[in-house]
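For the single chain, residues carry numbers from 1 onward in sequence order.
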Amino acid sequence: MISQIDCIRVGKPAPNFRVTGVYDQEFFPVQLEDYRGKYVILFFYPLDFTFVCPTEITAFSDEYERFKEINTEILGVSVDSEYAHLAWLQTERESGGLGNLRYPLISDLKKEISQEYNVLTDDGIALRGLFIIDRDGIIQYTVVNNLAFGRSIEETLRTLKAIQHVQANPDEVCPADWKPGDRTLIPDPKQSKEYFRAI
């Protein structure tokens with residue numbers, strides 16, 4: 001039997017789910033497996049109608065096209081109902097709402113997804129967990145923040161591009177702070193010296 005920790009480890013398949021999402025003022029079923037062939041940014045946030053959460057959620061929406069251009073979809077998840085999501089989406093940003101988003105918000109009312117991805121707190125809300133899932137449904141990256149501080153959209157994009165680069169170029173690895181266009185490393189004792197000499 002696979003333990004919960006095994007399920008969310010990088011390099012392992014992302015646990016599938018089928019739940020209700022809200023997008024464009026409509027409810028619809030969302031199943032993670034339907035996104036095979038694309039990269040997925042799956043991020044959890046604590047609760048609707050809070051303070052740090054809308055800054056992250058709207059920032060991902062504002063940068064959605066940059067993710068879409070590199071074959072990536074975004075899914076936001078909290079333990080709220082789809083009705084709470086809809087109400088928050090119908091609230092303007094100036095009033096602490098979200099307005100229209102470019103990607104779905106998912107309801108994890110039963111808290112099963114948050115538990116399976118090991119981000120559920122003892123108080124029954126989700127930590128700020130973020131998972132990058134590749135085209136084959138494999139978790140390639142995860143980071144979990146505590147409740148009081150938000151995540152970086154730019155760092156998420158940078159990491160995603162590094163993942164895509166090494167998957168497209170399996171003989172290369174990306175050094176710290178790598179960005180597209182930067183030098184990569186050949187993971188070989190002799191060939192790697194070319195990189196270190198260059199820097």
Side-chain angles (χ1 to χ4, degrees), residues 2-17 21 30-46 52-53 55-78 101-106 108 112-121 126-187 195:
I2 298 174
S3 73
Q4 187 180 80
I5 296 299
D6 287 335
C7 286
I8 55 92
R9 194 168 60 202
V10 293
K12 296 291 185 179
N16 188 40
F17 51 78
V30 178
Q31 182 169 237
L32 183 61
E33 286 184 350
D34 291 342
Y35 290 86
R36 287 288 175 90
K38 294 187 176 185
Y39 290 83
V40 175
I41 303 297
L42 177 69
F43 76 94
F44 295 80
Y45 65 93
V52 176
C53 295
T55 67
E56 293 186 308
I57 294 166
T58 57
F60 272 116
S61 183
D62 292 345
E63 300 297 337
Y64 174 77
E65 284 300 324
R66 295 172 68 190
F67 288 94
K68 185 178 179 181
E69 286 171 2
I70 53 175
N71 193 32
T72 303
E73 293 296 332
I74 302 171
L75 299 172
V77 186
S78 80
L101 294 181
R102 306 289 303 280
Y103 60 87
L105 291 184
I106 292 172
D108 183 25
E112 293 172 349
I113 309 172
S114 301
Q115 191 165 36
E116 196 155 22
Y117 279 81
N118 204 31
V119 295
L120 192 68
T121 71
L127 294 167
R128 298 186 191 283
L130 185 145
F131 300 81
I132 298 180
I133 302 166
D134 72 14
R135 295 168 296 180
D136 297 318
I138 304 300
I139 296 173
Q140 293 294 332
Y141 173 83
T142 180
V143 63
V144 181
N145 290 15
N146 212 340
L147 303 176
F149 53 97
R151 291 155 286 198
S152 168
I153 279 69
E154 288 299 326
E155 176 59 14
T156 302
L157 266 166
R158 188 200 69 79
T159 304
L160 171 62
K161 289 176 181 178
I163 291 166
Q164 293 181 342
H165 183 89
V166 297
Q167 289 190 333
N169 301 275
D171 294 331
E172 301 176 21
V173 293
C174 293
D177 297 321
W178 180 90
K179 296 181 181 66
D182 290 352
R183 294 178 64 99
T184 56
L185 276 156
I186 305 298
Y195 171 84

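A donor-acceptor pair shorter than 3.5 Å can be found between the side chains of E73 and Y64.
Looking only at distances, no side-chain donor or acceptor of Y45 sits under 3.5 Å from a matching main-chain atom of G150. Using modelled atom types, one side-chain atom of D134 and one backbone atom of D136 make a donor-acceptor pair closer than 3.5 Å. For the pair S78 (side chain) and P46 (backbone), a donor-acceptor distance under 3.5 Å is absent. Distance alone, capped at 3.5 Å, is enough to place a donor-acceptor pair between the E56 side chain and the R151 backbone. When atom types are taken as modelled, the side chain of Q164 and the backbone of I70 share a donor-acceptor pair closer than 3.5 angstrom. Distance alone, capped at 3.5 Å, places no donor-acceptor pair between the N145 side chain and the R128 backbone. Listed for the D182 side chain is no donor-acceptor partner under 3.5 Å among the backbone atoms of W178. Between the side chain of T55 and the backbone N or O of V52, at least one donor-acceptor pair lies under 3.5 Å. Formation of a donor-acceptor pair under 3.5 Å by the D108 side chain with backbone atoms of Q115 is not found in this model.
In summary, E155 and R158 engage in a salt bridge, as defined by a charged side-chain N under 4.0 Å from a carboxylate O. We find that E154 and R66 are joined by a salt bridge, their nearest charged nitrogen and carboxylate oxygen being less than 4.0 Å apart.
With contacts defined as side-chain heavy-atom distances shorter than 4.5 Å, the pair L130/F60 qualifies. At least one side-chain heavy atom of Q167 sits under 4.5 Å from a side-chain heavy atom of Y39. F43 is listed as a side-chain neighbour of I57, based on a closest heavy-atom distance under 4.5 Å. Annotation: side chain of L75 is in contact with side chain of Y35 (closest heavy-atom distance under 4.5 Å). A 4.5 Å side-chain heavy-atom check between I132 and I139 finds every atom pair outside the cut-off. In this structure, the side chains of E172 and I186 come closer than 4.5 Å at one or more pairs of heavy atoms.
Classification of the Y117-F17 ring pair by plane angle, with boundaries at 30° and 60°, yields perpendicular.
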message: If you apply the rule side chain to side chain contact (heavy atoms under 4.5 Å, CB included), what do you find for L127 with F44, and how did you get there?
response: CA-CA 7 Å; L127 294 167; F44 295 80; over 6 Å; no

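Going from atom OH of Y103 over to atom OG1 of T72 covers 14.0 Å, rounded to the nearest 0.5 Å. Note that NZ of K38 and CZ of R36 are 14.5 Å apart. Values are rounded to the nearest 0.5 Å. Here the CG-OH distance, from L160 to Y141, works out to 11.0 Å after rounding to the nearest 0.5 Å. The CD1 atom of I106 sits 8.0 Å away from the CG atom of L32 when rounded to the nearest 0.5 Å. We find the CD1-CG distance between I153 and D62 to be 9.0 Å, quoted to the nearest 0.5 Å. With rounding to the nearest 0.5 angstrom, the CG atom of L157 is 10.0 Å from the CD atom of E69.
Summarising the geometry of P187 relative to D171, their closest heavy-atom pair is CD-O, 3.2 Å, with the distance given to 0.1 Å. Closest of all the heavy-atom pairs between V166 and C174 is CG1-SG, 3.6 Å. Residues E116 and N16 come closest through the heavy atom pair OE1-O, 4.2 Å. Closest approach of A126 and L147 over heavy atoms only: O-CD2, 3.8 Å.
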